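Report on one structure; see the data block that follows.
Naming: A, B, ... by sequence-line order, numbering from 1 per chain. What you are looking at is a predicted structure, and each value in this text was computed from that prediction instead of being measured.
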2 protein chains.
Amino acid sequence: MVTIYDIAAKAGVSAMTVSRVINNTGKISDKTRNKVRRVMEELNYVPNHMARSLVLQQSNVLFLLITDITNPFYTTVARGAEDAARKHGYRLLFGNSDESVEKEKDYIDTILATRADGVLVAPTGDLSLPHLETLRRHRVPFVLLDREVPGMDSDVVLGDSKEGARKLVDHLTSCGHRRIALINGSPLISSARLRLEGYREALKLNDIPFDQNYVLETAFEPRSDLSEIESWLDRMSPPPTAIVAGNNVLAVEVIRTLHARGFRVPEQVSVVCFDDLGPYSEIDPFLTVIAQQAYQFGYLGTQMLVDRIQERDVTGLPWKKIVLPADMIVRRSVSTIK
Amino acid sequence: MVTIYDIAAKAGVSAMTVSRVINNTGKISDKTRNKVRRVMEELNYVPNHMARSLVLQQSNVLFLLITDITNPFYTTVARGAEDAARKHGYRLLFGNSDESVEKEKDYIDTILATRADGVLVAPTGDLSLPHLETLRRHRVPFVLLDREVPGMDSDVVLGDSKEGARKLVDHLTSCGHRRIALINGSPLISSARLRLEGYREALKLNDIPFDQNYVLETAFEPRSDLSEIESWLDRMSPPPTAIVAGNNVLAVEVIRTLHARGFRVPEQVSVVCFDDLGPYSEIDPFLTVIAQQAYQFGYLGTQMLVDRIQERDVTGLPWKKIVLPADMIVRRSVSTIK
DNA sequence: TAACTTGGGGTTATCGGTAACATTATTTAA
DNA sequence: TTAAATAATGTTACCGATAACCCCAAGTTA
């Protein structure tokens, strides 16, 4: 690879002069500048970011760690983060923890080792605490996305999960539903907890008793084996007339399971969920959802992160918490009963 | 940040000894090794990959550049690449060119500057040639995904676009369709060209004359303005009874447009396309598609790339080309006519 | 005219690691 | 018993870039 020394030699100047030309610092005569530029072109010089970062002690790289790269919610978050990072002159790299605490740990190590200037993390859940503590200990600024982690104060961008759950349940009751089930993510995930809370509160406000059998707490990510969902569906009696899903993945899997057992949605069972299905929901606008502002999660989160990085020394800045509203999109997956 | 020198000082050894412990090289007494390990734990040492890469002249990083991170085809490619990279001990970083030649150029520069060991590129199209030449000139091994670029020989993983298009058209004709339109990506993209070719060949085999008005060549990526598609639909007379879409994004946009104008799919117009819609297609298995093996694109491509990297010096290895089969999934988006 | 700026550079040290080559005990083989 | 081998560690140079400091000539100023 061509280095500034090669350029310097060929242009008959010192490496420092080449560095000055590249970074537009110091005083350089036009003649020298042009000569150096010409040689750089000629030799196809490409700067070495690693060498640069090593001495500057900063990489101009932000890292976005998401939990499911095949989930349109997170890819849209990524688009937002990417745009914001670009706007502020940072490069953005992605990682995908696949909802696995172990892969998350690997990525945290990688992030530290590559000396990213900051990190956007959608944590896998409460068990991410040690990973976040590691980041904090190494003074790497980070912003949490979508999920909080008890025991760790930080900047965070959340959706209004509780309110969203309430809206979904209210919508269902307003359509006459009383037997409303909930399939949710792990209780180790803050947003899942809030969705359960919102669900319970809304039931209470509608004078519907809470029934633990109507709640399944499982994993947010795609699974190959649907038997857990099947046996849950069998267990509920009388069967629910409507199901609230804690995210889009669960909604899809519930609907698949229902279809496999011959139930029709929404004629026999209504289904609603958090998070839209991406552009493809428009092919046949079917699912009634709480459409979280995924792009804004990424965009605003990155903005907060950049602020935090650039004011690094200003200690004692209070942590910021952005809660994005939960907007419901009513489509066809809910039937009116009675 | 803690460095090996800090460790060395505290453990009372030289930096080199610490380096040996970290890399498990050379001979070290158990006593020293344990002492060093303990100090490393105590100080929360994290190696600096940049410093390491700088001296080793390799980064153990692969880069995957895709053109649309919100397209489930590419995110599934990413999952495959990720798994393969991890298996071979490489870290994988992603970039998203958004089908923009300019962003692609930026990413190529970033990739060179970060000294990735190899690159997987889904090129934006034929105009990517100079970018690929840049990579080649700098001797960065790369593998093309999904699209070839005329003028650049390299390893490549493709889908069988021509055969896929033929299958789609044959399926339509077997359902009685004769007026079959095609909405396709830019002719500057090799896979789009092959899909057009396959479409024309299949028409000919079925004794259907080719009509240029039935073909719209536009962009593969999502758009905000549907007017181009609208005016194309209006232009065709008599209107087609079926439309082949060059990818999933176009299929969705065509269907949206049709819906907006009051056409029903498939009752009035049948639609088929390349690439599945991700897990969400299963919510309501609707679109008949050529489901390309996206995961394999990523997995096999990464494998080829790693081979190429590790046999770097073995010159003259012929370029490899993998063509993955095009399997059709018949669902409900095609009606039988006459 | 001596003293001071200023423009346009060059030198040296450093970032955090590792390869290659010492170095010093301790064994082992002859 | 002594040279040769081996184990365990240290020294030095270098990867590619930049900050901090130094240098010198030409132009200004008092």
Side-chain angles (χ1 to χ4, degrees), chain A residues 1-37 39-40 43-61 109-117 138-140, chain B residues 1-37 39-40 43-61 109-117 138-140:
Chain A
M1 281 282 189
V2 177
T3 73
I4 55 169
Y5 296 98
D6 302 323
I7 309 289
K10 188 143 187 174
V13 297
S14 75
M16 200 54 224
T17 299
V18 178
S19 174
R20 289 193 178 103
V21 171
I22 293 170
N23 297 294
N24 251 313
T25 55
K27 318 263 180 189
I28 307 236
S29 70
D30 288 353
K31 195 176 141 209
T32 308
R33 191 195 320 280
N34 290 332
K35 188 168 45 177
V36 170
R37 289 240 170 92
V39 176
M40 277 173 35
L43 299 186
N44 291 305
Y45 172 73
V46 176
N48 186 324
H49 278 339
M50 296 186 307
R52 191 161 196 279
S53 301
L54 191 57
V55 56
L56 290 184
Q57 298 288 63
Q58 63 159 44
S59 60
N60 264 50
V61 165
D109 289 345
T110 296
I111 289 166
L112 287 173
T114 55
R115 302 294 193 267
D117 289 345
H138 290 280
R139 302 161 172 283
V140 179
Chain B
M1 280 281 189
V2 176
T3 73
I4 55 168
Y5 295 97
D6 301 322
I7 309 289
K10 188 142 187 175
V13 298
S14 75
M16 200 54 223
T17 300
V18 177
S19 174
R20 289 192 179 103
V21 171
I22 293 171
N23 298 296
N24 250 315
T25 55
K27 319 260 179 190
I28 305 234
S29 70
D30 289 353
K31 195 176 140 212
T32 308
R33 191 196 321 279
N34 290 331
K35 187 167 46 176
V36 170
R37 289 239 169 93
V39 176
M40 277 173 33
L43 298 187
N44 292 305
Y45 172 73
V46 176
N48 185 326
H49 278 339
M50 296 186 307
R52 192 162 195 277
S53 302
L54 190 57
V55 56
L56 291 184
Q57 298 286 62
Q58 61 158 43
S59 60
N60 265 50
V61 166
D109 288 344
T110 296
I111 288 166
L112 288 172
T114 55
R115 302 295 194 266
D117 289 345
H138 289 279
R139 303 162 171 282
V140 179

Identify, with sequence neighbours excluded, every residue that meets side chain to side chain contact (heavy atoms under 4.5 Å, CB included) alongside [X].
| X | result |
| --- | --- |
| A:Thr17 | A:Val13, A:Ser14, A:Arg20, A:Ile28, A:Thr32 |
| A:Leu54 | B:Asn48, B:Ala51, B:Leu54 |
| A:Ala9 | none |
| A:Arg52 | A:Asn23, A:Leu56 |

Margin query: Tell me the interatomic distance from B:Gln58, atom CD, to C:dA19, atom P, rounded to whole angstroms.
Written below: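 Rounding to the nearest Å, CD of B:Gln58 and P of C:dA19 are 10 Å apart.
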Notebook entry, point to check: Looking at A:Ile22, A:Val18, A:Val39, A:Val36, which hits side chain to side chain contact (heavy atoms under 4.5 Å, CB included) with A:Tyr45?
Noted result: A:Ile22
Check: Measuring from A:Met1:CE to B:Leu112:CG, what's the distance to the nearest 0.5 Å?
Finding: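 If I round to the nearest 0.5 Å, the distance is 6.0 Å.
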Notebook entry, point to check: Heavy atoms under 4.0 Å, any strand shown: does B:Ser53 hit a base, just sugar-phosphate, or nothing?
Noted result: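 Result for B:Ser53 = nothing.
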Margin query: Regarding A:Thr32, tell me which of base, sugar-phosphate or nothing describes its non-hydrogen contacts under 4.0 Å with the strands shown.
Written below: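 Sugar-phosphate contact only.
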All salt bridge (Lys or Arg N to Asp or Glu O under 4.0 Å) counterparts of [X], not counting sequence neighbours:
| X | value |
| --- | --- |
| A:Lys35 | none |
| B:Asp109 | B:Lys105 |
| B:Arg33 | B:Asp30 |

Check: Which heavy-atom pair separates B:Asn44 from A:His138 by the least distance, and what is that distance?
Finding: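 Looking at all heavy atoms of both residues, the closest pair is O-CE1, 2.9 Å.
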Distances under 3.5 Å between nitrogen or oxygen atoms of protein and nucleotides 24-28 of chain C:
none

Item checked: Under 4.0 angstrom between A:Ser29 side-chain N/O and C:dG9 OP1 or OP2 -> yes
Check: Is any side-chain N or O of A:Lys27 closer than 4.0 Å to OP1 or OP2 of C:dG7?
Finding: yes
Check: Using the C1' atoms of the five pairs at each end, what is the angle between the end axes of the helix from C:dT1-D:dA30 to C:dA30-D:dT1, to 10°?
Finding: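 Taking the rotation axis at each end, their angle is 50°.
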Next item on the list: Would you give a per-nucleotide map of nucleotides 10-16 of chain C, 5' to 3', where B means the base has a protein non-hydrogen atom under 4.0 Å away, S means only the sugar-phosphate does, and - means neither?
Entry: BB---BB
Item checked: Short side-chain to backbone donor-acceptor contact, A:Ser59 and A:Arg115, under 3.5 Å ->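 Yes, A:Ser59 side chain to A:Arg115 backbone: donor-acceptor pair under 3.5 Å.
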Margin query: Would you say that B:Val2 contacts B:Val46 through its side chain, given a criterion of any heavy-atom pair below 4.5 Å between the two side chains?
Written below: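 Counting from C-beta outward, B:Val2 and B:Val46 never come under 4.5 Å.
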Checklist line | Summary of salt bridge (charged side-chain N to carboxylate O under 4.0 Å, His left out) pairs that have at least one residue in residues 6-19 of chain B, sequence neighbours excluded | finding: B:Lys10-B:Glu42
Check: Mind checking which nucleotides bracket the chain A contacts on DNA chain D, 5' to 3', with an atom under 4.0 Å from a heavy atom?
Finding: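 That gives a stretch of D:dG16 to D:dC21.
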